[in-house]
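None of these values were measured; they are calculated from a predicted model. In this chain, residues are counted from 1 in sequence order. FYI, side chains are in, hydrogens and waters are out, and symmetry mates aren't considered; it's all heavy atoms of this structure.
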Amino acid sequence: MSWPGCSVDGSSGRREAAGVDWLENGLVFNSEVGTPMDAANVRHAFRHALGKAEGIEAAEWTPRELRHSFVSLLSDHDVPVEEIAKLVGHSAMATTEKVYRKQIRPVIQTGAKAMDRIFGA
């Protein structure tokens with residue numbers, strides 16, 4: 001799989017900060033000491049990043065909103081559901097249709113407004 005260089009290089013600062021405590025696992029996404037991310041690590045990092053954005057209550061958001069927004073944005077821009085299903089790891093496009101396509105409008109509208117505030121659009 002191809003990753004942007006910034007993703008691959010992103011752990012170098014954490015590696016240096018952890019020093020001898022760093023556990024090299026060859027992971028792109030890892031904890032502060034190089035171990036695999038668990039759900040708590042992901043939520044903490046996500047909310048920490050959101051806490052830097054003005055106008056967003058970080059405690060009200062979870063990484064799941066990113067997944068929903070991703071699916072909605074692709075859907076709204078005419079990406080075929082088969083492609084969306086592959087990108088989110090669904091083996092059947094029916095899962096993507098059932099879980100995501102019908103319930104996203106309010107989330108995406110709120111998310112889009114927040115993104116406009118963040119990125120100044």
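The closest donor-acceptor contact from the side chain of N25 to the backbone of G34 lies under 3.5 Å. Although no hydrogens or angles enter the test, the distance criterion places a donor-acceptor pair under 3.5 Å between the side chain of S69 and the main chain of E65. Distance alone, capped at 3.5 Å, is enough to place a donor-acceptor pair between the R67 side chain and the V88 backbone.
In the hydrophobic cluster analysis, where Ile, Leu, Val, Met, Phe, Trp and Tyr join through side-chain heavy atoms closer than 4.5 angstrom, V33 is grouped apart from V42. I118 and W61 fall within the same hydrophobic cluster, defined by Ile, Leu, Val, Met, Phe, Trp and Tyr side-chain heavy atoms under 4.5 Å apart, directly or through other members.
Nearest heavy atoms, R117 versus E54: NE-O, 4.4 Å. Taking every heavy atom of both residues into account, T96 and H90 meet most closely at OG1-ND1, 2.6 Å. Scanning both residues, A58 and L50, for their nearest heavy atoms gives CB-CB, 3.8 Å. Nearest heavy-atom pair across A59 and R47 is O-NH2, 3.7 Å. When all heavy atoms of M37 and S31 are compared, the closest pair comes out as SD-N, 3.5 Å.
The local environment of CD in E24 is crowded, with over 12 non-hydrogen atoms from other residues, nucleotides or ligands closer than 6.0 Å.
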Just do the side-chain contact (heavy atoms from CB on, under 4.5 Å) check on V81 and S75 with the steps written out, would you? CA-CA 7 Å; V81 69; S75 177; over 6 Å; no

side-chain contact (heavy atoms from CB on, under 4.5 Å) between T35 and W22, intermediate numbers included: CA-CA 8 Å; T35 56; W22 183 262; over 6 Å; no

May I have the step-by-step check of side-chain contact (heavy atoms from CB on, under 4.5 Å) for F70 and I84, ending in yes or no? CA-CA 9 Å; F70 177 72; I84 296 172; 5.7 Å; no

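Taking NE2 of H48 as the reference point, atom NE2 of H44 lies at 6.5 Å (rounded to 0.5 Å). Here the straight-line distance linking atom CD of E32 with atom CG of N41 works out to 8.5 Å at 0.5 Å rounding.
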